[in-house]
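Data block below; observations after.
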Amino acid sequence: MIENIRRLFKSMDHDTKEEALACLKDEYGLQNRKLVKKEWIKGGRIPEAYQERIVEMFQNLLRKQHVKKAC
């Protein structure tokens, strides 16, 4: 599932990536955006209990991104 999360994150544009990192910080009470990106996304150290929700969140953000581009 980590590879799926990485693939979803990679397909986001810059603004959507920033929104995704902010959502992860808020959802899981994390302090540092860089830590989330470095440890969770790139490092693959996402707690297993959070992975399903993160995939769902990223899919929704990508849908929103595509709607913005279509307009």
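We number each residue from 1, following the sequence as shown. As the structure is a prediction and not an experimental result, all values here were calculated from the model.
- Under the salt bridge (Lys or Arg N to Asp or Glu O under 4.0 Å) criterion, Glu56 pairs with Arg53, not counting sequence neighbours.
- With sequence neighbours left out, the side chain to side chain contact (heavy atoms under 4.5 Å, CB included) criterion links Lys69 to Asp13, Gln65.
- Interatomic distance, NZ of Lys17 versus OG of Ser11, reported as 8.5 Å (0.5 Å rounding).
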In sequence, state the C-alpha distance, the side-chain angles, and the governing distance for Glu39 and Lys34, and then conclude on salt bridge (charged side-chain N to carboxylate O under 4.0 Å, His left out). CA-CA 8 Å; Glu39 297 293 321; Lys34 286 185 177 182; over 6 Å; no
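- Considering NZ of Lys25 and NZ of Lys37, their distance stands at 14.0 Å, rounded to 0.5 Å.
- Atom CZ of Arg45 sits about 9.5 Å away from atom CG of Leu35, to the nearest 0.5 Å.
- In this structure, Glu19 pairs ionically with Lys64, as a charged nitrogen and a carboxylate oxygen lie closer than 4.0 Å.
- Formation of a donor-acceptor pair under 3.5 Å by the Arg6 side chain with backbone atoms of Lys42 is found in this model.
- Counting only heavy atoms from C-beta outward, the side chains of Gln51 and Glu48 approach each other to under 4.5 Å.
- Here Ile41 is tied into one hydrophobic group with Met1, Ile2, Ile5, Leu8, Phe9, Met12, Leu21, Leu24, Tyr28, Leu30, Val36, Trp40, Ile46, Tyr50, Ile54, Val55, Met57, Phe58, Leu61, Leu62, each link being a pair of ILVMFWY side chains closer than 4.5 Å.
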